Amino acid sequence: MADETMKKVLAIYPGSFDPVTNGHLDLIERGAKIFDRLIVSLLRNFDKQPLFTLDERVEMLREVVRPWPNVEVEMFSGLLVDYARLREADVILRGIRAVSDYEYELQMAMMNRKLNPNVETVFMMPALSYSYLSSRLVREIAHLGGPLHGLVPPVVEERLRAKVL
Ligand code: PNS
């Protein structure tokens with residue numbers, strides 16, 4: 001039986017989310033089921049030229065995670081492991097869609113372990129139907145006027161259409 005004094009597991013799910021896709025949401029749903037708390041952590045990356053501003057991405061994320069009471073959205077800057085330490089997170093959650101993701105994700109996970117051995121990277125796989133989905137392809141399809149239905153939540157689809165008009 002669950003004990004009140006039992007440790008609660010906090011996971012952070014970092015990324016750029018430019019924009020959040022149904023693949024991200026699938027992973028959030030899976031993460032919300034197995035971790036006590038999940039913080040979707042949006043990187044403030046000053047190098048990249050994003051399509052959506054940080055505020056827009058946070059707004060969309062907050063809207064789409066509303067169904068899960070144990071999921072929050074936050075921004076972070078600097079090293080992911082420093083942010084994890086600050087939040088006292090136990091887990092870094094990352095999605096692996098295909099073998100092609102694995103090499104980069106493994107390298108990042110190992111480097112993060114070297115920098116902070118106390119935080120564990122956990123990989124989860126989204127549904128197979130999202131295995132080809134990425135924010136980059138979604139941006140490209142939006143720019144070229146292609147169909148976005150089923151790839152992103154309706155609120156994101158609306159914002160994408162407005163953005164690329
Ligand atoms: O959505 P993305 O672009 O795949 O997310 C990449 C992210 C945010 C997880 C990664 O770029 C990151 O952790 N950046 C923070 C800076 C950092 O800690 N770099 C060292 C990684 S080993």
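The structure presented is a predicted model; accordingly, all values stated were derived computationally and were not measured. Remember, it's 1-based here, ligands and their atoms both numbered in the order they're listed.
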Problem - Euclidean distance, Asn70 CG relative to Leu10 CG, rounded to 0.5 Å - result: 10.5 Å
Problem - Chi angles and distances behind the salt bridge (charged side-chain N to carboxylate O under 4.0 Å, His left out) call for Arg136, Asp18 - result: CA-CA 8 Å; Arg136 185 182 61 78; Asp18 186 32; over 6 Å; no
Problem - ring pair (Phe, Tyr, Trp, His ring centres under 6.0 Å) against Phe35, all qualifying residues, sequence neighbours excluded - result: none
Problem - Arg37 side chain to Ile12 backbone, donor-acceptor under 3.5 Å - result: no
Problem - Of all pairs that satisfy ring-ring contact (aromatic ring centres under 6.0 Å, His included), the ones with a partner from residues 101-160, not counting sequence neighbours - result: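 Checked against ring-ring contact (aromatic ring centres under 6.0 Å, His included) - neighbours excluded - no pair reaches residues 101-160.
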Handout entry: Results of side-chain hydrogen bond (donor to acceptor under 3.5 Å, both in side chains) for Arg139 - residues two or more places apart only
Key =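 By the side-chain hydrogen bond (donor to acceptor under 3.5 Å, both in side chains) rule, Arg139 matches no residue at all.
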Give every pair made of an N or O atom of ligand 1 and a protein N or O atom lying under 3.5 Å apart, one pair per line with both atom names and the distance to 0.1 Å, or write 'none'.
{"unit_1": "ligand 1", "atom_1": "1 (O)", "unit_2": "Ser16", "atom_2": "N", "d": "2.9"}
{"unit_1": "ligand 1", "atom_1": "1 (O)", "unit_2": "Ser16", "atom_2": "OG", "d": "3.4"}
{"unit_1": "ligand 1", "atom_1": "3 (O)", "unit_2": "Ser16", "atom_2": "OG", "d": "2.8"}
{"unit_1": "ligand 1", "atom_1": "4 (O)", "unit_2": "Arg94", "atom_2": "NH2", "d": "3.0"}
{"unit_1": "ligand 1", "atom_1": "5 (O)", "unit_2": "Arg94", "atom_2": "NH1", "d": "3.4"}
{"unit_1": "ligand 1", "atom_1": "18 (O)", "unit_2": "Leu80", "atom_2": "N", "d": "2.8"}

